[in-house]
Amino acid sequence: MKTLRDVNPGETVKVSRLNGQGPVKRRIMDMGITKGVEIYVRKVAPLGDPVEITVRGYELSLRKEDAQMVEVG
C-alpha cells in the first residue's frame, strides 16, 4: 500500500482510496482529494512535513498524518 506520503516530488499519482474516518476524512474530501483524482506532488519540506501538492488545478499543503491517509496507485 503506497500512500501520498511515500510519493517523491515531481511525480503524478492517482488516488485509489481514502483511509480515515469521520471529520478528518470529510475534510480531505472537501479539499478535492477523492478517489480517481490525479495529484501532482510539487515538493516535500526538509523534515517531511508538510507535503505540497497540486490537485484539481490548485495548490495545497498537507500534513504528514493527512497525506498518509491517501492511498495512491
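Worth knowing before you read on, the calculation uses all heavy atoms, side chains too, and leaves out hydrogens, waters and symmetry mates.
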Check: T34/R56 side-chain N/O donor and acceptor closer than 3.5 Å | yes

Would you mind reporting whether N19 and M1 have side-chain heavy atoms less than 4.5 Å apart?
->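 Yes. Closest side-chain heavy atoms under 4.5 Å.
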
Taking the side chain as every heavy atom from C-beta outward, state whether P50 and L62 have any pair of such atoms under 4.5 Å apart.
->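 They are not in side-chain contact.
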
Hey, what do you get for [atom1] ([X]) to [atom2] ([Y]), rounding to the nearest 0.5 Å?
{"X": "K35", "Y": "M29", "atom1": "NZ", "atom2": "CE", "value": "11.5 Å"}
{"X": "I28", "Y": "I33", "atom1": "CD1", "atom2": "CD1", "value": "6.5 Å"}
{"X": "M69", "Y": "R27", "atom1": "CE", "atom2": "CZ", "value": "8.0 Å"}
{"X": "E11", "Y": "D6", "atom1": "CD", "atom2": "CG", "value": "10.0 Å"}

Nearest non-hydrogen partners of N8 and V41, listed with the distance =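 Shortest heavy-atom contact: O-CB, 3.9 Å.
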
So if you build clusters from Ile, Leu, Val, Met, Phe, Trp, Tyr with side-chain heavy-atom gaps below 4.5 Å, do V13 and Y40 land together?
->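 As far as the 4.5 Å side-chain criterion goes, Y40 and V13 are not connected within one cluster.
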
What about L4 and L18, same hydrophobic cluster or not, with Ile/Leu/Val/Met/Phe/Trp/Tyr joined at side-chain heavy-atom distances under 4.5 Å?
-> yes

R63 with D66: basic N within carboxylate O range, under 4.0 Å =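 Answer for the salt bridge query: yes.
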
Electrostatic pair E71-K2, nearest N-O below 4.0 angstrom = no

Can you tell me if Q68 uses its side chain to pair, donor with acceptor, with the backbone of E65 under 3.5 Å?
-> no

Reference residue I39; test side chain to side chain contact (heavy atoms under 4.5 Å, CB included); the match among V51, V7, I53 =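 The single option meeting the side chain to side chain contact (heavy atoms under 4.5 Å, CB included) with I39 is I53.
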
